[in-house]
Amino acid sequence: VVRDKLGMADEEPVNAAMERGSRWEAAICSAAEHLLGLAVVGEQMLATHQDHTTHRATIDGLPVPIGSAATIDDVVGLIEIKTHGRHVRPAWDYWGPQVQWQMHCTGLALAVVVSVEIDDSDDSAVGLRLTRIERDECEIDRLVDLANEIEAWVSMGELPDLTASALETIRAASVEAWTPDAETVDLSHLADDLQRFAAIKDAVKAVEDERDALQAKLIEAMGAATSGVCGDLR
């Protein structure tokens, strides 16, 4: 996120999942209106927190009673529309924090995630689910702390130190940026890190080899038995 805010990241290309979501959004929104017995207004509205102007979120829609003049007092929550592929697990590790952040930015206390399972072979809907999510102040506090940390790094114009949790993100970004004929990079400034990495890699390999050898010995000793004991170890 900091890379993106500092203009150091390439724009994310539109993929098939994004195209599917855009293609299905209007139809899913109409289905949600019928199932909830409410009208949906404010589609793709950008919401800004009243006290923190840098805290913003795009809202898929706001449900209001049918036939109302749709004032802010009529809004009962927010709608978030999602699609996922056939037999693909819904991405609640992303969806959950997303709607909590949306509730933080809007001040609302309720969200309904309308998720539809799509068979991509013929672009047909095979399942729909409405999930009610209530405002979670503890989760919102965590997200606000994270937002403040991101904002601090952006204001300094610096990237945060890399940690173990950054590995998959960096690996994915590096794959996208890989150029077959790129010049060899001089890593002299990382000499100490490289030496430590090589030592850790060798140590991990040695430990894994020892572990596998011991496991082979134990399995052989077990024979046809399904349990074995040695003192307090089972």
Next item on the list: Give the C-alpha distance, both sets of side-chain angles, the deciding distance and a yes or no for side chain to side chain contact (heavy atoms under 4.5 Å, CB included) between Asp120 and Arg86.
Entry: CA-CA 7 Å; Asp120 290 321; Arg86 190 78 189 274; over 6 Å; no

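- Rounding to the nearest 0.5 Å places CD of Gln50 at 10.5 Å from OG1 of Thr106.
- Relative ring orientation between His49 and His55 is described as perpendicular, the plane-to-plane angle rising above 60° on a 0-90° scale split at 30° and 60°.
- Neither Leu194 nor Ile200 shares a network with the other; the hydrophobic side chains, linked directly or stepwise wherever heavy atoms of I, L, V, M, F, W or Y lie under 4.5 Å apart, form separate groups for each.
- Gln44 places no side-chain N or O within 3.5 Å of a backbone atom of Thr58 that could act as its donor or acceptor partner.
- At most 12 non-hydrogen atoms from other residues, nucleotides or ligands lie less than 6.0 angstrom from CZ of Arg234.
- Around the CD atom of Glu208, the shell of radius 6.0 Å holds more than 12 heavy atoms that belong to other residues, nucleotides or ligands.
- Panel note: side chain Arg20, backbone Ile118; no donor-acceptor pair is recorded below 3.5 Å.
- Here Leu143 contributes atom CG and Trp101 contributes atom CH2; the two are 7.0 Å apart, rounded to the nearest 0.5 Å.
- Below 30°, between 30° and 60°, or above 60°: for Trp95 and Trp92 the angle between ring planes is above 60°, a perpendicular geometry.
- Annotation: salt bridge (charged side-chain N to carboxylate O under 4.0 Å, His left out) contacts involving residues 212-224, sequence neighbours excluded, are absent.
- How far CG of Asp136 is from CD of Gln100: 5.0 Å, rounded to the nearest 0.5 Å.
- Phe197 and Leu187 fall into different hydrophobic clusters, where Ile, Leu, Val, Met, Phe, Trp and Tyr residues are linked whenever their side-chain heavy atoms come under 4.5 Å apart, directly or through other members.
- For Gln195, the CD atom sits in a loose shell: 12 or fewer heavy atoms of surrounding residues, nucleotides or ligands are nearer than 6.0 Å.
- Proximity of Asp60 to Ile28: side-chain heavy atoms (C-beta onward) are nowhere separated by under 4.5 Å.
- Here the side chain of Glu117 pairs a donor or acceptor atom with the backbone of His87 at under 3.5 angstrom.
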Next item on the list: Carefully, step by step, assess Arg142 and Glu139 under the rule salt bridge (Lys or Arg N to Asp or Glu O under 4.0 Å).
Entry: CA-CA 5 Å; Arg142 184 186 73 82; Glu139 174 67 356; 2.9 Å; yes

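- Atoms CG and CG, on Leu214 and Asp209 in that order, are 11.0 Å from each other to the nearest 0.5 Å.
- Between Met222 and Thr226, the shortest heavy-atom contact is CE-C, 3.8 Å.
- Between Leu38 and Ile79 there is no side-chain heavy-atom pair separated by less than 4.5 Å.
- Hydrophobic side-chain contacts under 4.5 Å tie Leu110 to no other Ile, Leu, Val, Met, Phe, Trp or Tyr residue.
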Would you mind writing out the side-chain donor-acceptor pairs for residues 153-165 within the sub-3.5 Å range, not counting sequence neighbours?
unit_1 : atom_1 : unit_2 : atom_2 : d
Ser155 : OG     : Glu151 : O      : 3.3
Ser155 : OG     : Ala152 : O      : 2.7
Thr163 : OG1    : Ser165 : OG     : 2.9

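- In plain terms, the two heavy atoms of Ile59 and Ala47 that are nearest each other are CG1-CB, 4.0 Å.
- A distance-only check finds a donor-acceptor pair linking the side chain of Arg135 to the backbone of Leu108 [under 3.5 Å].
- What you find for Gly77 and Pro63 is that their closest heavy atoms are O-CD, 3.1 Å.
- In this structure, the side chains of Asn15 and Met18 come closer than 4.5 Å at one or more pairs of heavy atoms.
- Atoms CE and CD, on Met103 and Gln98 in that order, are 11.0 Å from each other to the nearest 0.5 Å.
- With a 4.5 Å cut-off on side-chain heavy atoms, Ile81 and Cys29 count as touching.
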Note to self: Is there a side chain to side chain contact (heavy atoms under 4.5 Å, CB included) between Leu218 and Gln215? Walk through the geometry before answering.
What the structure shows: CA-CA 5 Å; Leu218 291 170; Gln215 186 171 6; 5.5 Å; no

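- Of all heavy-atom pairs between Gly61 and Val40, the closest is CA-CG1, 3.7 Å.
- Taken together through direct or relayed side-chain contacts under 4.5 Å among Ile, Leu, Val, Met, Phe, Trp and Tyr, Leu35 and Ile133 form parts of separate hydrophobic clusters.
- Note: Thr83 OG1 to Arg23 CZ = 8.5 Å, rounded to the nearest 0.5 Å.
- In the hydrophobic cluster analysis, where Ile, Leu, Val, Met, Phe, Trp and Tyr join through side-chain heavy atoms closer than 4.5 angstrom, Val76 is grouped apart from Leu62.
- Taking all atoms of both residues into account, the shortest heavy-atom contact from Val116 to Ala125 is CG1-CB, 3.8 Å.
- Hydrophobic clustering (side-chain heavy atoms under 4.5 Å, transitive across Ile, Leu, Val, Met, Phe, Trp, Tyr) keeps Val88 apart from Leu128.
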